[in-house]
Amino acid sequence: MLSNIRVVLVQTFHPGNIGASARAMKTMGLSDLVLVRPRAFPDPEATRLAAGAEDLVEGARVVDSLAEAVSDCVQVVGASARLRSLPLPHFDEPDEMARDVVEHAAHDPVALVFGRERFGLTNDEIGLCTHQVSIPANPDYGILNLSQAVQVLAYETFKAWRRRPGSGYRPTLPAEERQPSSEQVGHFHDHLGRVMQRSGFITQPHARTEAHLHALFARAQPSRRELSLLRGLLASLEGHLPEE
């Protein structure tokens, strides 16, 4: 679905904005970048500011017109800071736009179109769009940099996609933040039980202490790293207990 969402940059003046936009796209899972008559491209500045998204810059398609860039798209959303007189459907909120775009992208290509840094899209270019969207901002200073605008709409699109049932999205967690396995939890409780017995903390064979501690740690849900720290603490205490 995300591969069906295209970002189109029209006549980008600063090549660094192409690289920064590519970086914004890649962080949100978008990869289809089309450039309409960029002033300077390829350019080392675009590659430098891509910062890990060089593959998107290298794979970007360059075309002569916006009409060519969106010819196969069923929905074309133009990002505009200023509302024009054209009676296009307008999304007041980017998240509303994103949900609609993702629905269409489930079956066909769609495009998010961004205009020139200085004056955005022309009326003729907006006329090629099916919808418009504006990004709510400070009314006293509401002008976003091109790559910032790309980042906002790309984020909202990615959020709408990952919240769809069946998206399969799973955040990647460092190993130490993952939940321990049942086996690891069992080893911890065995270790805890041994230390409590050897230290004399548990003296009654039918005491409910261990059961209460099981419940406590079940509620706490320690991560693998935290469980490892607890095991280290138990091992240190165990080393100071008299030999059995």
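Residue numbers start at 1 and run along the sequence shown.
Between atom CD of residue Gln197 and atom CG of residue Leu192 there is a gap of 10.5 Å, rounded to the nearest 0.5 Å. One finds the CG atom of Leu233 at 11.5 Å from the OG atom of Ser228 (value rounded to the nearest 0.5 Å). Expressed to the nearest 0.5 Å, how far CG of Leu35 lies from CD1 of Ile18 amounts to 5.0 Å. With values rounded to the nearest 0.5 angstrom, Ile135 atom CD1 is found 10.5 Å from Glu93 atom CD. In this structure, CG on Asn17 lies 10.5 Å from CZ on Arg39, to the nearest 0.5 angstrom. Atom OG of Ser21 is separated from atom CG of Leu146 by 4.0 Å, given to the nearest 0.5 angstrom.
Under the 30°/60° scheme for interplanar angles, the aromatic rings of His131 and Phe91 are found to lie parallel.
Minimum heavy-atom separation, Ala60 to Phe41: CB-CZ, 4.3 Å. Scanning both residues, Gln132 and Ser80, for their nearest heavy atoms gives NE2-CB, 3.5 Å. When all heavy atoms of Thr12 and His14 are compared, the closest pair comes out as CG2-O, 3.5 Å. Of all the heavy atoms in Leu144 and Val152, the pair that sits closest is CD2-CG2, 4.1 Å. Contact between Arg23 and Ala51 at its shortest, heavy atoms only, is NH1-CB, 3.7 Å. Contact detail for His189 and Leu213: the closest heavy-atom pair is CE1-O, 4.2 Å.
Both Leu230 and Ile202 are assigned to one and the same hydrophobic cluster, defined by single-linkage of ILVMFWY side chains at heavy-atom distances under 4.5 Å. Cluster membership check: Tyr141 does not share its hydrophobic cluster with Phe119, using side-chain heavy-atom separations under 4.5 Å among Ile, Leu, Val, Met, Phe, Trp and Tyr. Each of Val62 and Leu49 belongs to its own hydrophobic cluster when Ile, Leu, Val, Met, Phe, Trp and Tyr are linked at side-chain heavy-atom distances under 4.5 angstrom. Both Ile5 and Val74 belong to a common hydrophobic cluster when Ile, Leu, Val, Met, Phe, Trp and Tyr are linked at side-chain heavy-atom distances under 4.5 angstrom.
A side-chain donor-acceptor contact under 3.5 Å links Arg224 to the backbone of Gln179. For Lys159 (side chain) and Asp95 (main-chain N/O), no donor-acceptor pair under 3.5 Å exists by modelled atom type. Distance alone, capped at 3.5 Å, places no donor-acceptor pair between the Asp32 side chain and the Arg6 backbone. With Glu117 contributing its side chain and Phe13 its backbone, the two residues share a donor-acceptor pair below 3.5 Å. Glu54 places a side-chain N or O within donor-acceptor distance of the main-chain N or O of Gly52, the cut-off being under 3.5 Å. Remark: side-chain polar atoms of Arg37 are not paired, donor with acceptor, to backbone N or O of Gln11 under 3.5 angstrom. Of the possible polar contacts, one joining the Thr27 side chain to the Ala24 backbone as a donor-acceptor pair under 3.5 Å is found.
Counting heavy atoms from C-beta outward, Val77 and Val110 have side chains that stay 4.5 Å or more apart. Considering only heavy atoms from C-beta on, Asp100 comes within 4.5 Å of His104 through its side chain. Looking only at side-chain heavy atoms (C-beta outward), Leu88 and Cys129 come within less than 4.5 Å of each other. Using a 4.5 Å heavy-atom threshold, the side chains of Pro136 and Pro94 count as touching.
For Arg231 and Phe188, the positive end is not near the middle of the six-membered ring at less than 6.0 Å and at most 45° from its axis.
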side-chain contact (heavy atoms from CB on, under 4.5 Å) for Met28 and Thr157? Distances and angles first, verdict last. CA-CA 8 Å; Met28 297 299 139; Thr157 301; over 6 Å; no
Residue pair Leu33, Met25: steps toward the side-chain contact (heavy atoms from CB on, under 4.5 Å) verdict: CA-CA 9 Å; Leu33 176 60; Met25 290 171 59; 3.8 Å; yes
Go through the steps for Val101 and Glu156 under the test side-chain contact (heavy atoms from CB on, under 4.5 Å), then give the verdict. CA-CA 10 Å; Val101 162; Glu156 292 293 351; over 6 Å; no
May I have the step-by-step check of side-chain contact (heavy atoms from CB on, under 4.5 Å) for Val76 and Leu128, ending in yes or no? CA-CA 8 Å; Val76 180; Leu128 294 171; 5.9 Å; no
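Inspection of the Glu238 and His191 side chains reveals an N or O donor paired with an N or O acceptor under 3.5 Å.
Crowding of Leu229 atom CG: a count of heavy atoms from other residues, nucleotides or ligands under 6.0 Å exceeding 12.
Residues forming a side-chain contact (heavy atoms from CB on, under 4.5 Å) with Ala20 (at least two apart in sequence, or on another chain): Ser147.
A salt bridge is absent between Asp190 and Arg194; no separation between the charged side-chain nitrogens and carboxylate oxygens falls under 4.0 Å.
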